Protein chains: 2
Amino acid sequence: MRKENSTNTINKQQMDKDCGMSYTLNTIGGRWKPAILYRLIGGKMRYSELRDSIPNVTERMLVLQLREMEKDGLINRIVYAEVPPRVEYELTEKGNSLKPILKSLSEWGVKNRD
Amino acid sequence: MRKENSTNTINKQQMDKDCGMSYTLNTIGGRWKPAILYRLIGGKMRYSELRDSIPNVTERMLVLQLREMEKDGLINRIVYAEVPPRVEYELTEKGNSLKPILKSLSEWGVKNRD
DNA sequence: CTGCATCCGCATCGATACTG
DNA sequence: CAGTATCGATGCGGATGCAG
């Protein structure tokens, strides 16, 4: 790896934008996160509804990505004390603020793929 | 993996949006692609300028990601027949159309990280 | 100056089986 | 119903050295 040049003119604002993009992509960039988030835009959903509406996702990956997004404050996990158990997921306000981004990601992809 | 239910009511439009998002994220989601694209928004840059303006990137990764984006039609590679060699990179029109997306990714990240 | 080739560690993800 | 545990494959990306 190259040595860092401590006296160079690397644009600090540029690095700040880099970090911002990295943070966003790390937050929503997981293999199944976009699909999950897009569905939750429509409102609260049960675990099984999510699982059944996302083709090819395994339960392992679904749970892992849900947990991460919960930790990142994007979604709320609501457990009902019932038998049989019921768990619902919903977007937080932070999660909801991603809506325009998800929409533009989707639109650009639909328009530009072959 | 769960069996695909061929008679279920998986929303085809939802899947289309999924694919759109996947395409976009696969296209710009590489480890260094956002940083490269953001810099090229400012105009043509030489290989060494890119390398020196992106902290911690290795030449291997820089070249790999440039090649992928060239293949995806996001950037043009311009080789000048000179000694010593000179190579410049610039956004294509397709690449330029990502500008608002990159901007919103950066802004959301800056605003929402702790 | 602008790369490419090779090796390899590490995280990610899939498959499968099991549980409160 | 809503998960968890374990194992193994795969692939990204880093380090290093070489080349046109």
Side-chain angles (χ1 to χ4, degrees), chain A residues 1-5 8 18 21-23 25-37 39-40 44-72 75-90, chain B residues 1-5 8 18 21-23 25-37 39-40 44-72 75-90:
Chain A
M1 184 174 304
R2 284 171 303 106
K3 264 275 209 41
E4 203 64 33
N5 180 353
N8 66 13
D18 287 351
M21 287 190 290
S22 296
Y23 176 80
L25 289 170
N26 286 337
T27 301
I28 70 169
R31 174 73 181 80
W32 303 101
K33 287 179 186 177
I36 297 170
L37 290 170
R39 280 158 182 79
L40 291 181
K44 249 185 297 227
M45 287 182 74
R46 299 186 58 162
Y47 171 81
S48 53
E49 290 179 318
L50 281 171
R51 187 194 57 203
D52 296 341
S53 74
I54 302 177
N56 301 323
V57 74
T58 60
E59 298 194 329
R60 168 190 153 79
M61 287 317 298
L62 181 57
V63 171
L64 283 178
Q65 307 250 309
L66 284 169
R67 292 289 177 277
E68 270 187 55
M69 291 195 292
E70 189 190 1
K71 188 163 136 275
D72 288 337
I75 61 175
N76 285 138
R77 179 168 177 269
I78 309 164
V79 183
Y80 296 87
E82 301 177 359
V83 177
R86 181 159 63 102
V87 178
E88 292 186 334
Y89 295 91
E90 67 179 4
Chain B
M1 185 173 305
R2 283 172 303 106
K3 265 280 210 38
E4 205 62 35
N5 180 353
N8 65 11
D18 287 351
M21 287 189 292
S22 297
Y23 175 79
L25 289 170
N26 286 336
T27 301
I28 70 169
R31 175 73 181 79
W32 303 99
K33 287 179 185 177
I36 297 169
L37 290 170
R39 279 158 182 79
L40 291 181
K44 249 186 296 228
M45 286 183 75
R46 296 186 59 162
Y47 171 80
S48 52
E49 289 179 321
L50 283 171
R51 187 195 57 204
D52 296 341
S53 75
I54 303 178
N56 300 324
V57 73
T58 60
E59 299 194 329
R60 167 191 152 81
M61 288 316 300
L62 181 57
V63 170
L64 283 178
Q65 307 250 308
L66 285 169
R67 291 292 174 277
E68 270 186 54
M69 293 195 290
E70 189 188 0
K71 189 163 135 272
D72 288 337
I75 62 176
N76 286 136
R77 180 167 178 268
I78 308 165
V79 184
Y80 296 87
E82 299 176 0
V83 177
R86 180 159 63 102
V87 178
E88 292 187 336
Y89 295 90
E90 66 178 5

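Values below: all heavy atoms of this structure, side chains included; hydrogens, waters and symmetry mates excluded. Being a predicted model, the structure only gives us computed values, none of them experimental.
For A:Q65 (side chain) and A:W32 (main-chain N/O), a donor-acceptor pair under 3.5 Å exists by modelled atom type. Between the B:R39 side chain and the B:S53 main chain, a donor and an acceptor come within less than 3.5 Å of each other.
Within the 4.0 Å cut-off from OP1 or OP2 of C:dG14, at least one side-chain nitrogen or oxygen of A:W32 is found.
The distance between atom CD of A:E68 and atom P of C:dC13, rounded to the nearest whole Å, is 8 Å. The distance from atom CG of A:N26 to atom C1' of D:dG13 is 14 Å, rounded to the nearest whole Å. Counting to the nearest Å, the P atom of D:dC12 and the CD atom of B:Q65 are 10 Å from each other. Residue A:I54 contributes atom CD1, which lies 14 Å from atom P of C:dC13 at whole-angstrom precision. The nearest whole Å value for the distance from the CG atom in B:L64 to the P atom in C:dT2 is 17 Å. Atoms CD1 (B:I36) and C1' (C:dG3) sit 14 Å apart, rounded to a whole Å. The distance from atom CG of B:L50 to atom C1' of C:dC1 is 14 Å, rounded to the nearest whole Å. Put simply, CE on B:M61 is 15 Å from P on D:dG11, counting in whole angstrom units.
Taking the side chain as every heavy atom from C-beta outward, A:I36 and A:I75 never approach each other to under 4.5 Å. Between A:E59 and A:Y47, some side-chain heavy-atom pair lies under the 4.5 Å cut-off. With contacts defined as side-chain heavy-atom distances shorter than 4.5 Å, the pair B:R77/B:R67 qualifies.
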For this session: For nucleotides 1-7 of chain D, just jot down a letter per nucleotide in 5' to 3' order: B, S or -, based on protein non-hydrogen atoms under 4.0 Å.
Result: BSBS-B-
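Between B:R46 and B:D52 there is no salt bridge, since none of the side-chain N atoms of the basic residue sits less than 4.0 Å from a carboxylate O of the acidic one.
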